[in-house]
Amino acid sequence: MIPPKKIQMVDLHNQYLRIKPEIDRAIQLVLDSTSFVRGSQVEAFEKSFTDFHDGAFAISCGNGTDALQVAMMALDFKPGDEVILPVFNYAANAEVLALLGLNPVFVEVEPTTFNIDANLIEAKITAKTKAIVPVHLFGQCANMEAILEIAKKHKLHVIEDYAQAIGAVYSFADGTKKKAGTIGTVGCTSFFPSKNLGCFGDGGALVTTDKVLAEKIKMIANHGQRVKYHHEIIGVNSRLDTLQAAVLDVKLKFLNEYEQKRNTVATFYDAALANVSFLETPLRSKSSTHVFHQYTLKLKGIKRESFKAYLYNNGIPSMVYYPVPLHLQKAYKIDGLGEGSFPISEDLSGRVLSLPMHTEMDEEQLLYICEVIKSYQG
Ligand SMILES: *Cc1c(COP(=O)(O)O)cnc(C)c1O
């Protein structure tokens, strides 16, 4: 079959074209000012980002991985300290732990939400545990109610990696609602171009409701200085470019609309693929809204590579997030944790498949994709 028009995993070009005049104007202002680092647009964007997060302090930085590193540096973790994280995950947080000499403690995920299984966290806590890093995978929050309770009981920090869940809202049993990133001690996110709020290069940010921590984070992200050339603590060089801040301040205004579009796409897929025997559509958590960074299927009883090739041959891209859980990654292997240690994550890695998901998809494309999927003969 031939697609109605080119189908992409993400369509950043058409997203740009819809807001081109405003984006171009914002970029031109930066070019005219030549204030490429720490220009006024950076502070303006941080203010907008604070407003978006219901008043939590926002500090921008170079990328999402740096945000995680700066967070861990600001919380004074020492080499040998342990940090708990999900094993079915992107590598960024394991990488940062390794660079800081911290020990990752992997926890299995829930097969339904792909997020860390909070019931399995307490058994992994030792005297050296300093923090839990819930990664809100694919667009919905982990079980934060349970995670906060455990953290409180054991006096642990909670560092939310919400690079895939910006704008997701978590509801607690008592009715309180909080935005992803503002629930734990500190939240770390990324503005990589394909993220739900993407800039035109690398970018990242941290948010926290703790004013003292926010000040320290700000210093660390800028060479450990409050006043230029006066270095109080060891920091890093991780700044958001003025150009990226200008782009983000424009795009942030459209984030709610982008989230709605992603949900429209997801709802279409849900309905059209509900009765397809060889796949499961993603489950929506009861306590979190879903911002659908990815729309991830679990395949059943078919060969992923054959199905992926079939889609490709019909003009439909698809991606595997993630093909290898952290404990089986060469760089992050831990003695005694071989194959079979995390059966759910290993199983998911073998049969997940993410479909095209972005803000520019139209009904014609969706109908076509679902028709092709339903015609698969195995
Ligand atoms: C993208 C991503 C990161 C890292 O962000 P970068 O800006 O690419 O460094 C971290 N964690 C998760 C879950 C991500 O999806």
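Whatever order the structure lists them in is the order used to number ligands and atoms, beginning at 1.
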Could you tell me whether the side chains of S345 and E108 share a donor-acceptor contact shorter than 3.5 Å? yes
Below the 3.5 angstrom mark, is there an N/O of D202, backbone or side chain, next to an N/O of ligand 1? no
Any luck finding a side-chain donor-acceptor pair between E339 and H327 under 3.5 Å? no
Ligand 1 versus K195, non-hydrogen atoms closer than 4.0 Å: side chain, backbone, both, neither? side chain
Donor + acceptor pair across side chains of E259, N263 (<3.5 Å): no
Selection from C61, G198, S190 by shortest heavy-atom distance to atom 8 (O) of ligand 1: S190
If you scan protein heavy atoms around atom 11 (N) of ligand 1, the nearest is D161 OD2, 2.7 Å
Determine whether the aromatic ring centres of F307 and Y376 lie less than 6.0 Å apart. yes
Determine whether the side chains of S60 and E46 contain a donor N or O and an acceptor N or O closer than 3.5 Å. yes
Just jot down the ligand 1 atoms closer than 4.0 angstrom to any heavy atom of N63, in number order. 7 (O), 9 (O)
For ligand 1, is there an N or O atom under 3.5 Å from any N or O atom of Q164? yes
Ignoring hydrogens and angles, tell me if any N or O in the side chain of R351 forms a donor-acceptor pair with the backbone of L299 under 3.5 Å. yes
May I ask you to list the atoms of ligand 1 that are less than 4.0 angstrom from any heavy atom of A92? 10 (C)
Ligand 1 to Y90, heavy atom cutoff 4.0 Å, flagged ligand atoms 2 (C), 3 (C), 4 (C), 10 (C), 11 (N), 12 (C), 14 (C)
For the residue pair Y295 / D270, report whether a side-chain donor-acceptor contact shorter than 3.5 Å exists. yes
Under 4.0 Å from a heavy atom of G64: which atoms of ligand 1 are those, numbered in the order shown and with their elements? 5 (O), 6 (P), 7 (O), 9 (O)
Would you mind listing which atoms of ligand 1 come within a distance below 4.0 Å of any non-hydrogen atom of V135? 13 (C)
Any side-chain donor paired with an acceptor under 3.5 Å for Q140 and T289? no
Below a 4.0 angstrom heavy-atom separation, can you tell me which part of T65, side chain or backbone, both or neither, approaches ligand 1? both
Hey, is ligand 1 close enough to N93 that some N/O pair sits below 3.5 Å? no
